[in-house]
Amino acid sequence: MSLSILIVDDEPHIRLLLQQTLEELEDEGVELLIADNGEAAIAIIKQQKPDLIFLDVMMPKMNGFDVCNAVKNELGLSDVFVIMLTAKGQEFDKQQGEKVGANLYMTKPFDPDEVLEKSLEILGMS
């Protein structure tokens with residue numbers, strides 16, 4: 001069974017940085033999926049059921065909290081690991097992320113090494 005990671009961010013440079021950070025996992029058979037807004041993310045999630053999602057909070061069409069809520073509570077995909085990746089590092093935002101079911105909350109700017117390390121750990125590849 002192949003593993004997949006979905007990167008959801010409306011900022012092209014953040015998507016690119018995450019892709020570059022995680023591209024070595026592609027050599028191990030991990031598929032990288034990309035979405036630039038929440039609605040596109042939901043469509044991919046329904047079709048592909050990724051193992052791990054890096055999810056921005058502030059996006060057009062549908063924010064990350066709504067996407068996470070849809071994944072965890074409406075679609076019932078409790079085994080999908082969701083990491084909220086956002087510039088909003090306030091305690092309120094973290095609590096909101098926990099409330100909708102996010103597994104982890106990381107703030108931007110993020111450490112690429114930490115992102116890769118976490119991904120390996122979550123996917124059981126470390």
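FYI, side chains are in, hydrogens and waters are out, and symmetry mates aren't considered; it's all heavy atoms of this structure. This structure is a prediction, so every number in the text was calculated from the model and none was measured.
Partners of E121 under the salt bridge (Lys or Arg N to Asp or Glu O under 4.0 Å) rule, at least two apart in sequence or in another chain, are K118. Not counting sequence neighbours, the partners of N103 by the side chain to side chain donor-acceptor pair (under 3.5 Å) test are K72. Partners of N73 by side chain to side chain donor-acceptor pair (under 3.5 Å), not counting sequence neighbours, listed by chain and number: N69. For K49, the side chain to side chain contact (heavy atoms under 4.5 Å, CB included) partners are L77, not counting sequence neighbours. Residues forming a side chain to side chain contact (heavy atoms under 4.5 Å, CB included) with E91 (at least two apart in sequence, or on another chain): K94, Q95.
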Residues 15-38 side chain polar contacts: donor-acceptor under 3.5 Å, at least two apart:
from, atom 1, to, atom 2, distance (Å)
R15, NH1, D9, O, 2.7
T21, OG1, L17, O, 2.7
N37, OD1, E39, N, 2.9
N37, OD1, A40, N, 2.8

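Shown here for P50 and L6, the closest heavy-atom pair between the two residues is CG-CB, 3.9 Å. When all heavy atoms are compared, the tightest approach of I122 to F81 is CD1-CE2, 3.3 Å. Between F65 and G97 the shortest heavy-atom distance is CE2-N, 3.5 Å. Here the closest non-hydrogen pair linking L55 and G64 is CD2-O, 3.3 Å.
V82 and I45 fall within the same hydrophobic cluster, where Ile, Leu, Val, Met, Phe, Trp and Tyr residues are linked whenever their side-chain heavy atoms come under 4.5 Å apart, directly or through other members. Connection of V57 to I14 is not established within any shared hydrophobic cluster, with ILVMFWY side chains joined at heavy-atom distances below 4.5 Å, either directly or through further cluster members. M106 and M58 are not part of a single hydrophobic cluster, where members link through side-chain heavy atoms under 4.5 Å apart.
Under the 4.5 Å side-chain criterion, counting only non-hydrogen atoms from C-beta, I83 is not in contact with Y105. The side-chain heavy atoms of L85 and I7, taken from C-beta on, include no pair separated by under 4.5 Å.
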Original post:
Yes or no on side chain to side chain contact (heavy atoms under 4.5 Å, CB included) for V8 and M59, after CA distance, side-chain angles and deciding distance?
Top reply: CA-CA 9 Å; V8 188; M59 294 183 294; 3.5 Å; yes
Original post:
Are L123 and D51 close enough, and set up right, to give a side chain to side chain contact (heavy atoms under 4.5 Å, CB included), and what steps lead you there?
Top reply: CA-CA 7 Å; L123 297 175; D51 302 280; 3.7 Å; yes
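Within 6.0 Å of CD on Q90 lie no more than 12 heavy atoms contributed by other residues, nucleotides or ligands. Annotation for E117: atom CD does not count as buried by contact number, only 12 or fewer foreign heavy atoms lying within 6.0 Å.
Between K108 and D56, at least one side-chain nitrogen of the basic residue sits less than 4.0 Å from a carboxylate oxygen of the acidic one, meeting the salt-bridge criterion.
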